[in-house]
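Quick notes on the structure that follows.
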Amino acid sequence: MNNPKPEFNLKWYHGEDLYSEGDIEDLIIELLKKNEPENYTDAIYDNFCWSVYYHLTHLRKNILNWYPFHPDAEVLEIGAGLGAVTGVLCDKCKSVVSVELSRRRAEGILWRCREKENLEIIVGNLNDIQFEKKFDYITLIGVLEYQGNYTDTENPYLDFLKRIKQYLKPNGKLFLAIENQFGLKYWCGAKEDHTLVPFNGIHQYTIKDNKTKTFSRAGLEGLLKKSGFKNTYFYYPMPDYKLPTVIYSQRHLPTNANMQNMQCYYAPDRTTLIAQEENLYQDIIENNVFEFFANSFLVECTDLEEYGAVEFCSMSSERMMEYQIGTRFLGKNQVEKFALKKNSGCKHIQQVILNQEELKKRGLSVWEYWQKGEIIVADYTDAKLWEEQWIKCMKTRDISKIFEMADLLYDQILESSDKVSWEENIMYSMNLADQSGGDQYGPILKKGYLDMIARNAFLINEQLYWFDQEWTLENVPAKFVLYRAFVEFYSAYSEMDQYIPLAELAERYGLLCIWGELKQLNELFGKSVMDEKHLMESSFFRNSDRDICLKNIQKIM
């Protein structure tokens with residue numbers, strides 16, 4: 001193996017690692033050495049535990065991989081840990097200086113980023129280090145909360161931020177990520193991330209004090225203003241900043257509890273929960289208190305008058321690497337789609353352009369993207385998603401309107417492609433069904449657009465405009481595309497079954513008798529694009545358990 005390329009600076013190291021998770025770090029560093037950079041899914045799977053998963057999962061990058069950093073920028077990364085975000089910064093910017101307290105962790109960064117020639121790793125306490133230059137960006141991801149331990153002053157958090165600001169250029173920006181002291185998961189009984197004591201932050205850290213603390217939104221904003229930053233812009237990574245899949249912001253808040261199918265997680269365990277977090281977001285959002293209860297903050301801090309350019313981003317991190325893309329809203333102007341990893345995913349993004357052109361040729365209306373270098377761009381619109389109209393009709397039990405909308409969907413699916421003979425049905429070629437059923441699958445599409453679902457269409461003047469058409473399959477039943485649309489909708493909004501049962505819609509369109517076969521095809525498609533090992537790994541920590549909540553409630557009754 002070639003020697004690592006980053007510069008490794010021990011000038012400010014005093015011979016003692018002040019922060020460590022113990023011997024597990026040795027294992028993680030060995031995995032970093034033995035595996036290709038950022039290809040750790042198998043290593044996590046074979047050495048599964050929270051620490052290995054947390055430090056090596058690619059979800060960690062989602063805290064900043066969506067931000068359009070200036071490519072000529074110089075970055076100071078404070079508290080780099082084991083380098084979870086370091087590589088992203090190196091890929092996006094001209095140069096990166098990463099500061100890490102622990103030499104052992106710094107060696108992990110060295111091996112993780114061994115191909116990065118634009119990286120200098122400094123081992124030591126930031127409070128001791130003298131820099132000869134200032135930076136365009138400074139990142140402080142999961143670091144501020146520990147300054148009661150590492151900044152020896154009467155006001156460690158404030159003084160640390162003041163020191164950091166001195167290292168920014170006049171037009172520079174600080175990105176600070178930290179848990180919310182009053183995050184919803186803590187009200188639900190989750191253990192406080194740093195002390196592992198439930199409700200500790202809510203009790204102002206008086207149950208167990210280890211000089212580590214987080215802040216409320218107002219408290220953090222006030223602290224940043226006192227430290228000298230004129231402007232702050234709050235982002236809300238969900239489910240939190242550690243493993244985000246969706247990034248909301250103060251100008252783009254969630255409108256319903258679905259939140260892009262966000263899934264909560266609890267580490268190291270969920271044994272102390274007394275409420276199910278995922279069931280509370282609807283009321284939180286409807287009562288306009290999401291910003292108070294969001295689990296984490298990512299704050300953009302600057303003296304510039306221009307900030308908060310990105311208002312929203314979602315990341316398809318559950319897919320295979322070549323299909324991982326992000327979608328970000330640049331204010332009320334444009335929407336961009338981009339690859340989450342450098343040199344990966346660009347071909348898949350271009351497929352969206354090709355698919356929309358084919359649909360236009362078929363006479364369907366599309367909300368158009370256009371190519372802009374390696375990304376694709378569309379105009380932003382405030383138009384309602386067709387999905388919202390479906391939900392409205394469901395809740396009012398407007399049966400005739402629901403069937404009318406479903407008919408329109410099926411008609412559009414049928415119009416989207418030429419047809420082939422029933423013998424060419426993919427169900428037969430893949431041995432998912434035998435041909436004795438004849439034409440029970442209905443019309444067979446030469447090309448089926450699998451993303452013709454209610455979430456991927458705007459309803460403008462009673463006309464559908466399709467967007468985000470990523471996936472196609474050849475020789476698929478039109479009923480399979482319709483099946484996916486129904487399943488996607490009811491999976492996201494399971495409560496809709498109480499208004500119009502899914503089975504009722506399925507029966508109306510002749511899906512019930514072939515439901516099992518359609519499900520098999522959908523599962524095979526999922527396996528071809530989803531990172532199955534990653535999904536299994538992340539699912540271990542996800543979601544709450546109602547039985548645990550009830551048992552804990554009974555203990556205090």
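Residue indices begin at 1 and follow the sequence shown.
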If you take all heavy atoms of [X] and [Y], which pair is closest and at what distance?
{"X": "Asn62", "Y": "Ile247", "value": "O-CD1, 4.0 Å"}
{"X": "Ile63", "Y": "Val85", "value": "CG2-CG2, 3.9 Å"}
{"X": "Ala177", "Y": "Ile141", "value": "CB-CD1, 3.8 Å"}
{"X": "Leu32", "Y": "Gly108", "value": "CD1-O, 3.4 Å"}
{"X": "Arg270", "Y": "Asp545", "value": "CD-CB, 4.3 Å"}

Counting N and O atoms only, with roles assigned by atom type, does the side chain of [X] sit under 3.5 Å from a partner on the main chain of [Y], one being a donor and the other an acceptor?
{"X": "Ser538", "Y": "Leu535", "answer": "yes"}
{"X": "His58", "Y": "Ser317", "answer": "yes"}
{"X": "Asn155", "Y": "Leu158", "answer": "no"}
{"X": "Asn127", "Y": "Tyr150", "answer": "yes"}
{"X": "Ser296", "Y": "Asn180", "answer": "no"}
{"X": "Asn456", "Y": "Asp451", "answer": "yes"}
{"X": "Asn171", "Y": "Leu304", "answer": "no"}
{"X": "Trp12", "Y": "Asn125", "answer": "no"}
{"X": "Glu336", "Y": "Arg328", "answer": "no"}
{"X": "Asn118", "Y": "Cys90", "answer": "yes"}

[X] vs [Y] side-chain heavy atoms within contact, under 4.5 Å:
{"X": "Tyr265", "Y": "Pro239", "result": "yes"}
{"X": "Leu220", "Y": "Thr214", "result": "no"}
{"X": "Phe292", "Y": "Ile284", "result": "no"}
{"X": "Leu119", "Y": "Lys5", "result": "no"}
{"X": "Val123", "Y": "Phe8", "result": "yes"}
{"X": "Arg60", "Y": "Tyr54", "result": "yes"}
{"X": "Thr57", "Y": "Tyr40", "result": "no"}
{"X": "Glu277", "Y": "Asn295", "result": "yes"}

Sequence neighbours excluded, which residues qualify as side-chain contact (heavy atoms from CB on, under 4.5 Å) partners of Asn333? none

Set of residues satisfying side-chain contact (heavy atoms from CB on, under 4.5 Å) with respect to Gln351, sequence neighbours excluded: Leu354, Asn355

Can you tell me how the ring of Trp471 sits relative to the ring of His348, calling it parallel under 30°, perpendicular over 60° and tilted otherwise?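 Geometry flag for His348 against Trp471: tilted rings.
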
Parallel, tilted or perpendicular for Tyr67 and Phe175, by the 30°/60° rule?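 Perpendicular.
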
Ion pair present between Glu221 and Arg217, side-chain N to carboxylate O less than 4.0 angstrom? yes

Are Lys61 and Glu38 ion-paired here, with the side-chain N under 4.0 Å from a carboxylate O? yes

Would you please name every residue forming a side chain to side chain donor-acceptor pair (under 3.5 Å) with [X], sequence neighbours left out?
{"X": "Arg319", "result": "Glu470"}
{"X": "Ser216", "result": "none"}
{"X": "Asp468", "result": "Lys337, Tyr369"}
{"X": "Tyr233", "result": "Ser249"}

Sorted by first residue and then second, give each salt bridge (Lys or Arg N to Asp or Glu O under 4.0 Å) pair with at least one member in [range]; sequence neighbours left out.
{"range": "residues 86-109", "value": "Glu21-Arg105, Glu25-Arg104, Glu25-Arg105, Asp26-Arg104, Asp91-Lys116, Arg103-Glu107"}
{"range": "residues 121-133", "value": "Glu74-Lys133"}
{"range": "residues 42-52", "value": "Asp42-Lys533"}
{"range": "residues 235-251", "value": "Glu179-Lys242, Lys185-Asp240, Asp193-Lys242, Arg251-Glu311"}

Glu36 atom CD: more than 12 heavy-atom contacts under 6.0 Å: no

Do other residues, nucleotides or ligands put more than 12 heavy atoms under 6.0 Å from Asp269 CG?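 Above 12, so yes.
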
Step through it carefully: locate the ring centre of [X], locate the ring centre of [Y], and say whether they are under 6.0 Å apart.
{"X": "Phe312", "Y": "Phe329", "answer": "yes"}
{"X": "His194", "Y": "Tyr146", "answer": "yes"}
{"X": "Tyr235", "Y": "Phe297", "answer": "no"}

[atom1]/[X] to [atom2]/[Y] distance, rounded to the nearest 0.5 angstrom?
{"X": "Phe525", "Y": "Met530", "atom1": "CZ", "atom2": "CE", "value": "9.0 Å"}
{"X": "Thr272", "Y": "Phe199", "atom1": "OG1", "atom2": "CZ", "value": "7.5 Å"}
{"X": "Asp159", "Y": "Thr151", "atom1": "CG", "atom2": "OG1", "value": "7.5 Å"}

Ring pair (Phe, Tyr, Trp, His ring centres under 6.0 Å) pairs touching residues 113-132, sequence neighbours excluded, are Phe131-Phe135, Phe131-Tyr167

Which residue pairs satisfy the ring pair (Phe, Tyr, Trp, His ring centres under 6.0 Å) criterion with at least one member in residues 202-228, sequence neighbours excluded?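 Output for this query lists Tyr157-Phe215.
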
Please walk me through it: do Thr86 and Glu77 pass side-chain hydrogen bond (donor to acceptor under 3.5 Å, both in side chains)? CA-CA 8 Å; Thr86 309; Glu77 181 188 25; 2.8 Å; yes

Assess whether side-chain contact (heavy atoms from CB on, under 4.5 Å) is satisfied between Gln181 and Lys213, documenting all intermediate values. CA-CA 8 Å; Gln181 179 182 358; Lys213 62 176 291 186; 5.7 Å; no

Tell me whether the guanidinium CZ or amine NZ of Lys173 lies under 6.0 angstrom from the six-membered ring centre of Tyr307 and within 45° of its axis.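 No, Lys173 does not lie over the aromatic ring of Tyr307.
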
Using the side-chain contact (heavy atoms from CB on, under 4.5 Å) rule, take Phe160 and Leu140 through it: C-alpha gap first, then chi angles, then the decisive distance, then the call. CA-CA 11 Å; Phe160 187 67; Leu140 200 64; 3.7 Å; yes

Between Leu56 and Arg112, does the side-chain contact (heavy atoms from CB on, under 4.5 Å) criterion hold? Intermediate values first, please. CA-CA 10 Å; Leu56 298 186; Arg112 187 173 200 154; 4.1 Å; yes

Go through Phe541 and Tyr53 one step at a time and tell me if the ring-ring contact (aromatic ring centres under 6.0 Å, His included) criterion holds. CA-CA 10 Å; Phe541 302 103; Tyr53 175 76; 5.5 Å; yes

